[in-house]
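To start, the structure itself, in structure tokens.
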Amino acid sequence: MNQTSIVIYKTWQINIPEDFITRLGVREGNTLLCLLEDNEIRLRPAETDRLHAPTPAPSAAPAPPTQEPVPKHSTNRTELRIQCFGSMSVSMTGQKIIFQNKKAKELVAYLLCNGGGPIRNAVLAEILWPDAPPANAMDSLYKVSRYLRNLRIGGESFPIVMTHGEIYFDYAMLSCDLYEFEKLYQQKEQVEAWSEAIELYHGSVFYDEYYDWIAPYEAYYDIRFLEMTDYLIAYYEKAGNREMADYYRSKQDR
């Protein structure tokens, strides 16, 4: 197996915002591993591979934990549809779900923004209840978790899995506009794909919610939306189609 040697001649200091330190679940003196992938530097705690390091939007939804895989669903299982662009909309079996518990809604939102993959309970508790003592925050998380686990719509349970100290979504039952948007965005400068992605964008992610952690995710998707609309405006102007160019300009003006 060939290996590439990298020689570092200088040591660089990188300042990481405190909110990202919290999300990584690390403390002063902990070691971080640095991974360079697709020209992006990715950090994760060295102490454990199981600790989740959130990313704004995955190119593909991460798989559930290997120790307890989610079973493949049959064709008669009902899909949960979640819209995140603009105002959050959740529906299942044709019925809209209204969360009576605001923190349950926030937990769902945070999981979705982080790819829906497994996140440790301790990390979630600290993110959702940053000002509460750890024991109280964990107790609140358990209550919210029970609320979601007991949620029933049309005889179906909410597709969230809580096991081995982690929480994640059952992807077999979940569809989400964030993941569809990202998949289409990855088809770089493909007019049809980018046009579809833009139609999914109904405003910034959870624009009517005021979560302390939401800003990086808003920026992530807003920048991609502007990139795609700019490209399509230029594409149609070059093709002499002023009507379509103006259509995508109007998308930016909303």
Report the C-alpha distance between Y185 and E227 in whole Å, list the side-chain angles of each, state the deciding distance to 0.1 Å, and finish with yes or no for side chain to side chain donor-acceptor pair (under 3.5 Å). CA-CA 10 Å; Y185 171 78; E227 177 187 348; 2.7 Å; yes
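With respect to E126 and R120, no salt bridge is recorded, no charged nitrogen being found less than 4.0 Å from a carboxylate O. Contact check on E106 versus K103 returns a salt bridge, with a Lys/Arg side-chain nitrogen under 4.0 Å from an Asp/Glu carboxylate oxygen.
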Identify each donor-acceptor pair in which a side-chain atom of residues 200-208 lies under 3.5 Å from a protein atom, sequence neighbours left out, and give them as a table.
{"unit_1": "Y201", "atom_1": "OH", "unit_2": "D222", "atom_2": "OD1", "d": "2.6"}
{"unit_1": "S204", "atom_1": "OG", "unit_2": "D222", "atom_2": "OD1", "d": "3.2"}
{"unit_1": "S204", "atom_1": "OG", "unit_2": "D222", "atom_2": "OD2", "d": "3.0"}
{"unit_1": "D208", "atom_1": "OD2", "unit_2": "S87", "atom_2": "OG", "d": "2.9"}

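The shortest non-hydrogen separation linking I233 to A245 is CG1-O, 3.7 Å.
With Q83 contributing its side chain and F85 its backbone, the two residues share a donor-acceptor pair below 3.5 Å.
The side chain to side chain contact (heavy atoms under 4.5 Å, CB included) check on S157 picks up R152, with sequence neighbours excluded.
Interatomic distance, CG of D246 versus OG of S250, reported as 8.0 Å (0.5 Å rounding). The distance from atom CG of L178 to atom OH of Y221, rounded to the nearest 0.5 Å, is 4.0 Å.
Ring pair Y110/W213 is perpendicular by interplanar angle, where above 60° counts as perpendicular and below 30° as parallel.
Counting heavy atoms of neighbouring residues, nucleotides and ligands inside a 6.0 Å radius, atom OH of Y211 exceeds 12 of them. The environment of K188 atom NZ is dense: over 12 non-hydrogen atoms of other residues, nucleotides or ligands sit within 6.0 angstrom.
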